[in-house]
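Let me begin by presenting the structure, written as structure tokens, before commenting on it.
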Number of protein chains: 2
Amino acid sequence: MNTQNLRKDVHTDGTPVVCVSCEARHRGVCGALTPEQLTTLSKTSYKHKLGEGHELVGEAEKVESYSNILSGVVKLTKTLADGRQQIVGLQFAPDFLGRPFKADSEITAQAATNVSLCSFPKSVIDRMIRESPGLEHKLLEQTLKELDEARDWMVTLGRKTAAEKVASYILMIARHIDPEAGPEGASATFDLPMTRADIADFLGLTIETVSRQITKLRTDGVIVLENNRHVFVPNVERLELRAGS
Amino acid sequence: MNTQNLRKDVHTDGTPVVCVSCEARHRGVCGALTPEQLTTLSKTSYKHKLGEGHELVGEAEKVESYSNILSGVVKLTKTLADGRQQIVGLQFAPDFLGRPFKADSEITAQAATNVSLCSFPKSVIDRMIRESPGLEHKLLEQTLKELDEARDWMVTLGRKTAAEKVASYILMIARHIDPEAGPEGASATFDLPMTRADIADFLGLTIETVSRQITKLRTDGVIVLENNRHVFVPNVERLELRAGS
DNA sequence: ACCCGACGTTGACGTGGATCAAGCAACGTG
DNA sequence: CACGTTGCTTGATCCACGTCAACGTCGGGT
């Protein structure tokens with residue numbers, strides 16, 4: 001492990017901090033740590049990959065550790081007693097994963113795609129939180145962002161039609177994965193990171209309805225599909241219109 | 001203003017801290033402040049009341065100030081361009097109101113009932129946050145709680161039937177307003193703090209559907225209504241069954 | 001007392017999306 | 001190659017909920 005390089009990355013300009021074990025910037029974590037803390041963290045963190053569908057919680061994986069998502073998409077789901085399921089959140093590439101100050105979240109985290117993570121023990125981070133207030137500030141910011149996203153989605157779940165829901169979903173994915181697609185009449189290309197079943201669970205619909213609405217968007221020329229996963233949006237503004245603002 | 005009393009409240013056992021201007025405990029704020037900060041805050045905070053339906057945001061009220069809710073219920077709503085509305089959160093008596101680090105929340109806060117608040121300027125609190133890390137910790141805890149509630153409600157919005165939604169709503173209100181109603185077969189009595197229109201906006205339904213489902217709960221003996229607002233739940237467990245877990 | 005408006009209930013009817021069911025394409029496996 | 005499996009689409013039917021409309025009830029103002 002090259003501590004020299006680590007130190008240099010921290011000291012030269014302060015901002016771009018890299019975790020030595022996974023060689024990635026940790027949004028919300030490393031950026032708020034002192035060089036000493038970062039070194040400590042690096043000694044206990046480890047990089048690993050998960051296949052699609054792999055569960056991250058309930059098997060003592062998340063409960064005892066926090067993770068940064070290096071690539072892929074993680075879905076947070078809640079399930080009713082009779083099996084009805086709802087996805088309550090999606091975490092993308094640089095997000096932080098893990099619930100501070102609470103072991104039981106009643107939420108299941110599952111890999112929606114292949115995922116690679118950089119994990120470290122809960123105890124180490126919890127101690128660092130107590131030591132450096134900047135870290136807590138980062139956590140608060142991410143939590144506020146998640147709260148905003150959750151509330152945005154509540155409007156979609158409660159008040160939009162199936163057609164608007166599906167358009168909103170595609171638009172959200174486009175903005176996350178292909179953020180270069182500017183707001184002004186630009187086009188976008190990306191892969192849907194989830195199955196139709198996942199999309200349905202996210203939108204509070206059935207797979208049949210999702211399929212029909214996607215077909216409609218396709219026949220109307222709003223999107224172009226390839227292999228059921230690869231999406232091309234020739235005109236993002238047209239998609240925005242379908243999403244019901 | 002009696003600073004002697006204030007100091008005494010802070011010093012004797014540490015925990016029960018009282019704001020001198022509104023004479024109430026402020027969950028999430030005063031409890032994390034030093035005596036000096038509390039004194040400073042008291043000089044700028046002011047207590048006031050708002051009638052039902054009064055807006056707290058968009059008119060420079062919330063943007064430039066934070067508030068503690070002393071009594072009443074505040075609803076947070078989002079509105080689509082065509083007027084469809086969704087309530088994305090409810091804040092009850094000891095909650096903190098106001099979004100740190102962001103002036104534009106795209107959310108409207110309205111008094112759902114008569115509300116009394118204790119407000120103070122954004123700038124004062126923002127400075128105190130920088131000074132005392134305990135305050136930020138409190139904010140993080142409240143934000144996490146709100147996130148949990150939002151995600152619980154997403155399941156209700158996306159996957160529950162109208163009957164289950166209404167039962168879940170009544171149950172949630174019961175637990176907030178009459179928390180003495182123990183989980184084991186106990187009864188509960190309380191007033192619904194919102195109109196049928198608000199309930200509909202909260203549940204993603206129409207007022208007619210809400211009315212029909214309430215009527216059904218009444219004719220089935222799960223609840224007893226009086227004046228359309230006062231509710232008696234003879235057996236909370238029966239209501240829980242209707243809420244679909 | 002009267003009216004009025006806000007709020008709530010109830011009924012009749014239409015429809016969006018769920019449900020049930022069939023079929024298709026891509027894939028890996030014996 | 002036939003075979004099953006998984007993911008997706010499409011069609012036919014049904015029903016939960018929205019929509020439209022009428023009516024009841026309460027409280028406040030003149």
Side-chain angles (χ1 to χ4, degrees), chain A residues 51-53 75 80 82-86 112-114 156-170 191-220 223-231 242 244, chain B residues 51-54 80 82-86 110-114 156-170 191-220 223-231 242 244:
Chain A
E52 185 183 332
K75 56 183 180 182
L80 294 176
D82 60 4
R84 280 175 291 178
Q85 221 173 16
Q86 176 69 46
T113 64
N114 287 342
T156 302
L157 285 175
R159 288 299 181 200
K160 287 191 185 174
T161 65
E164 290 169 333
K165 284 181 180 180
V166 171
S168 300
Y169 169 78
I170 296 177
D191 284 313
L192 290 179
M194 295 152 70
T195 66
R196 300 290 188 272
D198 279 340
I199 299 173
D201 277 348
F202 191 53
L203 297 173
L205 299 171
T206 60
I207 49 177
E208 294 95 330
T209 302
V210 171
S211 178
R212 278 185 249 269
Q213 297 304 333
I214 289 182
T215 301
K216 182 137 202 306
L217 287 176
R218 187 165 44 73
T219 57
D220 290 357
I223 61 173
V224 180
L225 266 190
E226 202 174 303
N227 297 334
N228 284 335
R229 286 294 189 107
H230 193 71
V231 179
R242 301 295 186 109
Chain B
E52 186 183 331
H54 191 288
L80 294 176
D82 60 4
R84 281 175 290 178
Q85 220 173 17
Q86 176 69 46
Q110 266 185 303
T113 63
N114 287 342
T156 301
L157 284 175
R159 288 300 181 200
K160 288 192 184 173
T161 64
E164 290 168 333
K165 284 181 179 179
V166 171
S168 300
Y169 169 78
I170 296 177
D191 283 314
L192 291 180
M194 295 152 69
T195 67
R196 299 290 188 271
D198 279 340
I199 299 173
D201 276 349
F202 191 53
L203 297 173
L205 299 171
T206 60
I207 48 178
E208 294 94 331
T209 302
V210 170
S211 178
R212 279 185 250 269
Q213 296 304 334
I214 288 182
T215 302
K216 181 137 204 303
L217 286 175
R218 186 164 45 71
T219 57
D220 290 358
I223 61 173
V224 180
L225 265 192
E226 203 174 301
N227 296 337
N228 283 335
R229 285 296 189 105
H230 193 72
V231 179
R242 301 296 187 108

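Below, read A as the first sequence line, B as the second, and so on, with proteins coming before strands; counting in each chain starts at 1.
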B/S/- along nucleotides 14-26 of chain C (protein heavy atoms under 4.0 Å) is ---SSBBB-----

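The two residues B/Ala111 and B/Gly51 come nearest to each other via the heavy atoms CB-O, 3.5 Å. A/Gln86 approaches A/Gly204 most closely through the heavy-atom pair OE1-CA, 3.9 Å.
Atom CG in B/Asp198 sits about 15 Å away from atom P in C/dA6, given to the nearest Å. The separation between B/Leu225 atom CG and C/dG8 atom P is 11 Å, rounded to whole Å. Note: CD (B/Glu52) to C1' (C/dC7) measures 11 Å, nearest angstrom. B/Ile199 has its CD1 atom 9 Å from the P atom of C/dT9, to the nearest Å.
In this structure B/Gln110 satisfies the side-chain hydrogen bond (donor to acceptor under 3.5 Å, both in side chains) test with no other residue, sequence neighbours excluded. When the salt bridge (charged side-chain N to carboxylate O under 4.0 Å, His left out) test is applied to B/Glu208, no partner is found at least two apart in sequence or on another chain. Among residues two or more places apart in sequence or in another chain, the salt bridge (charged side-chain N to carboxylate O under 4.0 Å, His left out) test is passed with B/Asp220 by B/Lys216, B/Arg242.
Although no hydrogens or angles enter the test, the distance criterion places a donor-acceptor pair under 3.5 Å between the side chain of B/Arg229 and the main chain of B/Leu192. With A/Thr215 contributing its side chain and A/Ser211 its backbone, the two residues share a donor-acceptor pair below 3.5 Å.
Of all nucleotides in DNA chain D, those with any atom nearer than 4.0 Å to a heavy atom of chain A start and finish, going 5' to 3', at D/dC8 to D/dA12.
Residue pairs that meet the salt bridge (Lys or Arg N to Asp or Glu O under 4.0 Å) test with at least one member in residues 197-206 of chain B, sequence neighbours left out, are A/Arg159-B/Asp201, B/Lys75-B/Asp198.
Note on A/Thr195: only backbone sugar-phosphate atoms sit closer than 4.0 angstrom, heavy atoms only; bases stay farther off.
Distances shorter than 4.0 Å separate some side-chain N or O of B/Asn228 from OP1 or OP2 on C/dT9.
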